[in-house]
Amino acid sequence: MSYLLLTLLLLPLVGSGLVFAWKNTSSKYLALGIALIQMLLTFYVVSDFDFNPTVDSVLQYEINYPWSQFIKSTLHFGIDGMSLLLLLLTNILMPIIILSSFNENVSYKNSFYGLVLLMQFGLVGVFTALDGLLFYIFWEVTLIPIWFIAALWGQENKRLEFTTKFFVYTFVGSLFMLAGLIYVYNHSASFALTDLYNANLGETQQIVVFWFIFFAFAVKLPVFPFHTWQPDTYTYSPTQGSMLLSGIMLKMAIYGVLRYLIPITPTAIFGISGQIVIILAIVGIVHGALIAIIQTDMKRIIAYSSFSHVGLMVAGIFSSAVLTLRGTFTIEGAEGALVQTFAHGINVAGLFFCADILYKRFKTRDIRQMGGLAKVAPKFAVLFLIIILGSMGVPLTNGFIGEFILIKSVFDFNVLASVIAGLTVILCAVYLLRFYGKAMFGKGDDAVLSTARDLSAVEFSVLASIAVFVILLGIFPQPVIDMVSSSLKFIYTSMIN
């Protein structure tokens with residue numbers, strides 16, 4: 001059945017080439033069609049997937065073809081539960097993101113949609129590569145299209161300045177990761193994932209490798225204090241660029257931490273390094289939330305909100321890792337992080353699209369100049385509220401269960417840390433309800449509101465699709481937990497061994 005994975009890998013790449021060559025305005029329909037086929041194929045893989053594999057055999061749909069004996073690297077791809085969840089997130093969001101641009105006056109449409117599909121190809125490669133060098137190559141492949149999308153279609157006056165800053169940050173971080181992986185490779189049999197896990201590294205070597213690889217992930221997530229590129233890049237990118245960056249691209253780093261960092265450097269995590277990361281993550285939770293509260297630019301509110309939420313995911317992953325290495329085997333933090341990864345991807349993409357809708361009505365990103373839209377756009381008011389509630393982690397929405405598990409895992413590690421991390425629940429409610437209230441209620445400008453309209457068919461389709469996932473995962477979170485549990489048991493067992 002490896003042909004299914006091969007199709008998932010190559011369809012976006014072939015589709016990207018077709019869209020680039022399709023030089024007319026209908027290229028958006030071709031791109032949407034390809035993304036929908038990719039999504040349906042992913043649903044088929046989910047339906048065909050064996051969710052009860054043994055701990056020693058969690059990979060399915062494997063492709064393994066030697067391509068360089070000299071550097072001992074292979075074209076090795078496969079899917080386990082963790083990969084499947086990230087593939088599901090990627091291939092659900094891609095058609096939604098493409099559809100969200102249908103009302104935009106996008107210049108060079110074929111190039112824009114071709115780059116979106118090229119990024120999808122890179123993301124699928126990242127989430128399925130089982131070879132360290134291959135993982136790095138696909139990691140870099142994703143950087144190229146998103147840089148062009150942000151730089152060419154972002155806000156005129158600032159786009160090059162901030163997208164270049166983003167590119168430099170992430171590329172330098174990637175070079176550190178490559179150096180770390182090469183060092184591990186020099187102490188193992190090959191670049192194969194299992195060989196990297198079994199690398200013969202001493203304590204000092206693991207600490208050095210840990211910080212080299214973690215730096216790349218810390219920039220991409222981002223983790224405090226490596227986050228300074230994020231608010232500006234999210235703010236000045238086009239809406240679809242912001243949705244790609246926050247909804248999917250930062251999830252590459254969560255995946256990388258679990259797939260590569262934790263199993264390779266357990267001694268470093270057991271020592272002071274793991275605790276330093278937890279402290280940085282918790283500082284980021286509070287720091288991001290407090291800055292979000294005082295922002296008036298709605299895209300910056302969402303950016304800092306994302307930064308704050310990611311901190312909780314990182315704290316949960318490393319809390320479980322440290323506890324496991326101390327003798328209490330637990331994967332709760334990692335489970336919560338992956339559930340929250342899926343939920344956050346859906347929610348933050350929805351928030352950025354809501355911000356785009358608000359900008360089109362009010363012609364400003366300043367929430368102080370908005371108000372009263374709920375009176376003239378009731379459908380938008382309801383769907384926007386559902387996404388806000390999901391982002392706040394209200395019970396029976398997708399953000400609740402992951403956040404609850406994460407706080408509980410941090411509590412098991414340290415009570416004080418969980419109290420500080422738990423502030424995210426209160427602070428998130430403050431800045432998101434303030435954002436919603438300023439935009440939707442109050443008197444507003446009668447001249448603006450008289451011309452404002454409710455959702456178009458495209459806007460309603462996008463927000464309704466997102467709202468369905470917000471509610472569905474909130475009511476039925478267990479399938480996601482079951483999907484990733486065997487993969488996480490394998491990863492954390494590999495870390496101990």
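Here the structure is a predicted model, which means the values were calculated and not measured.
Remark: N200 CG is loosely packed, at most 12 non-hydrogen atoms of other residues, nucleotides or ligands lying under 6.0 Å away.
By the 4.5 Å heavy-atom criterion applied to side chains, L130 and F77 are not counted as neighbours. Proximity of L88 to V46: side-chain heavy atoms (C-beta onward) are separated by under 4.5 Å at one or more points. The side-chain heavy atoms of L245 and Q230, taken from C-beta on, include no pair separated by under 4.5 Å. Contact check for C354 versus L463: side-chain heavy atoms found under the 4.5 Å cut-off. Annotation: side chain of V184 is not in contact with side chain of Q205 (no heavy-atom distance under 4.5 Å). For the pair I405/F400, no side-chain contact is recorded, criterion being any heavy-atom separation below 4.5 Å from C-beta on. Proximity of V223 to V277: side-chain heavy atoms (C-beta onward) are nowhere separated by under 4.5 Å.
A donor-acceptor distance shorter than 3.5 angstrom exists from the side chain of T324 to the backbone of T330, with no hydrogens or angles considered. Side-chain atoms of S391 come within 3.5 Å of backbone N or O of I387 as a donor-acceptor pair. Checking side-chain atoms of S273 against main-chain N and O of I269 turns up no donor-acceptor pair under 3.5 Å. D131 contributes no side-chain N or O that, together with a main-chain N or O of L75, makes up a donor-acceptor pair within less than 3.5 Å. Side chain of K408 to main chain of G336: no donor-acceptor pair is present (N/O by atom type, distance under 3.5 Å, no hydrogens or angles). Although no hydrogens or angles enter the test, the distance criterion places a donor-acceptor pair under 3.5 Å between the side chain of W229 and the main chain of V219. Counting only distance, with no hydrogens or angles, the side chain of Q206 and the backbone of T267 share a donor-acceptor pair below 3.5 Å. Side chain of S242 to backbone of Y234: a donor-acceptor contact under 3.5 angstrom is found. For K299 (side chain) and P231 (main-chain N/O), no donor-acceptor pair under 3.5 Å exists by modelled atom type. Side-chain atoms of S319 come within 3.5 Å of backbone atoms of A315 as a donor-acceptor pair (strictly under, hydrogens ignored).
The aromatic rings of Y492 and F329 lie perpendicular to each other, with more than 60° between the two planes, well past the 30° mark. In this pair, H187 and Y183 present their aromatic rings tilted. The plane angle is within the 30 to 60° band.
Checked against the 6.0 Å centroid threshold, F214 and W211 count as a close aromatic pair. Between Y255 and Y260, the distance separating the two ring centers is not shorter than 6.0 angstrom. Centroid-to-centroid, the aromatic rings of W139 and F217 come within less than 6.0 Å.
Taking CD1 of I63 as the reference point, atom CG of L9 lies at 5.5 Å (rounded to 0.5 Å). Rounding to the nearest 0.5 Å places CG of L93 at 7.0 Å from CE of M243. Going from atom CG of N347 over to atom NE2 of H344 covers 7.5 Å, rounded to the nearest 0.5 Å. Rounding to the nearest 0.5 Å places OG of S308 at 12.5 Å from CZ of F224. In this structure, the separation between CD on E335 and CE on M483 is 13.0 Å, given to the nearest 0.5 Å. The line from CZ of F353 to CG of L99 is 7.5 Å long, rounded to the nearest 0.5 Å.
For the residue pair S487/D80, the side-chain donor-acceptor check at 3.5 Å is satisfied. A donor-acceptor contact closer than 3.5 angstrom links the side chains of Y61 and D48. No side-chain donor from either of H309 and T424 sits under 3.5 Å from a side-chain acceptor of the other.
Nearest heavy-atom pair across K72 and S190 is O-CB, 3.3 Å. Nearest heavy atoms, I71 versus F191: O-CD1, 3.5 Å. Residues L338 and L85 come closest through the heavy atom pair O-CD2, 3.4 Å. Nearest heavy-atom pair across L8 and Q38 is O-NE2, 2.8 Å. Closest approach of P95 to M39, counting heavy atoms only: CG-SD, 3.9 Å. The minimum heavy-atom distance linking T90 with F127 is given by the pair OG1-CE1, 3.3 Å.
A salt bridge links D232 with R300: the distance from a Lys NZ or Arg NE/NH1/NH2 to an Asp or Glu carboxylate oxygen falls below 4.0 Å.
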- request: Show the numbers, then the answer: is there a side chain to side chain donor-acceptor pair (under 3.5 Å) between T239 and D356?
  value: CA-CA 6 Å; T239 299; D356 182 62; 3.0 Å; yes

message: What verdict does the side chain to side chain donor-acceptor pair (under 3.5 Å) test give for Q240 and S100, after you've listed the backbone C-alpha separation in whole Å, the side-chain angles of each residue and the deciding distance to 0.1 Å?
response: CA-CA 7 Å; Q240 289 69 37; S100 73; 3.1 Å; yes

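For the pair K28 and F102, the cation-pi criterion (under 6.0 Å, within 45° of the ring axis) is fulfilled.
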Using residues 112-126 as the side-chain source, report each donor-acceptor pair under 3.5 Å to any protein atom, sequence neighbours left out, with the distance given to one decimal.
| unit_1 | atom_1 | unit_2 | atom_2 | d |
| --- | --- | --- | --- | --- |
| Y113 | OH | S101 | OG | 2.7 |
| Q120 | NE2 | N91 | OD1 | 2.7 |

